[in-house]
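The structure appears below as structure tokens.
Residue numbering restarts at 1 for every chain, and letters A, B, ... go by the order of the sequence lines. Because the structure is a prediction, the values reported are computed rather than measured.
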Amino acid sequence: DVKVTQSSRYLVKRTGEKVFLECVQDMDHENMFWYRQDPGLGLRLIYFSYDVKMKEKGDIPEGYSVSREKKERFSLILESASTNQTSMYLCASSFRGIDENGYTFGSGTRLTVV
Amino acid sequence: DQQVKQNSPSLSVQEGRISILNCDYTNSMFDYFLWYKKYPAEGPTFLISISSIKDKNEDGRFTVFLNKSAKHLSLHIVPSQPGDSAVYFCAASGMEYGNKLVFGAGTILRVKS
């Protein structure tokens with residue numbers, strides 16, 4: 001089974017801190033994605049990557065950056081955490097082509113910024 | 001501008017009955033439609049999908065119907081079980097969007113025993 005592992009299930013950080021969320025996948029997927037989930041807003045794409053060292057902005061990239069130095073690892077960085085970044089963060093991966101299998105998601109990181 | 005819409009925020013169904021979750025989309029260029037199920041504090045898990053060249057796909061208790069002329073798809077769960085209580089996300093993909101899925105806002109399903 002494809003596995004996508006997010007390093008933390010729950011995080012509490014202070015306003016202004018730099019926050020790193022790590023994601024690792026073990027199925028040699030080319031594509032990796034970071035979403036946040038908020039009630040009533042569904043899943044919103046923050047950043048994605050089609051290859052090592054490659055990144056593309058999603059729908060809500062402001063306040064975030066990403067890093068993909070290795071194929072299996074995709075990191076989301078909150079440069080200066082703010083309370084409006086309190087959310088559930090979901091990492092996902094997929095093979096390059098579009099098919100009916102969609103993405104495989106990690107278990108999520110519930111981030112609270114105080 | 002929401003490309004994929006789930007207009008019902010929540011649905012409550014009695015155990016053993018049918019659950020019908022609906023999804024509308026605006027772009028006729030979508031190639032695949034998928035349903036994901038999400039429990040609290042967990043990531044979404046893939047449930048079932050359908051290609052735009054089909055109008056029905058069935059997997060056990062789950063059936064997805066696609067009506068391209070109406071730009072509408074629905075997920076039927078028969079019979080509904082308490083363990084089906086979760087948030088259900090509709091998603092769509094197509095060449096126009098690269099390798100990205102476009103998600104709806106989700107519908108909370110509660111199955112009462």
Is [X] close to chain B through its backbone or its side chain, or both, or neither, when contacts mean heavy atoms under 4.5 Å?
{"X": "Gln37(A)", "result": "side chain"}
{"X": "Leu43(A)", "result": "both"}
{"X": "Arg44(A)", "result": "neither"}

Flag for Ser80(B)-Arg17(B): side-chain donor and acceptor within less than 3.5 Å: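 No, no side-chain donor-acceptor contact under 3.5 Å.
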Top contributor to chain A interface from Tyr39(B), Phe46(B), Tyr36(B) [non-hydrogen pairs under 4.5 Å]: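 Heavy-atom pair counts peak at Tyr36(B).
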CD-OH distance between Gln3(B) and Tyr25(B), expressed to the nearest 0.5 angstrom: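 Spacing of CD (Gln3(B)) from OH (Tyr25(B)) equals 12.0 Å.
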Heavy-atom proximity to chain A below 4.5 Å, by part of Ala41(B):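 For Ala41(B), backbone and side chain are both near chain A.
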Contacting moiety of Pro44(B), where chain A heavy atoms sit under 4.5 Å: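 Both parts, backbone and side chain.
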Trace of the side-chain hydrogen bond (donor to acceptor under 3.5 Å, both in side chains) decision for Arg110(B) with Ser12(B): CA-CA 5 Å; Arg110(B) 295 186 185 90; Ser12(B) 186; over 6 Å; no
Glu17(A) side-chain N/O to Val113(A) backbone N/O, donor-acceptor pair under 3.5 Å: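 Such a contact is absent between Glu17(A) side chain and Val113(A) backbone.
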Tyr50(A)-Phe48(A) aromatic ring centre distance below 6.0 Å: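 Yes; Phe48(A) has its ring centre under 6.0 Å from that of Tyr50(A).
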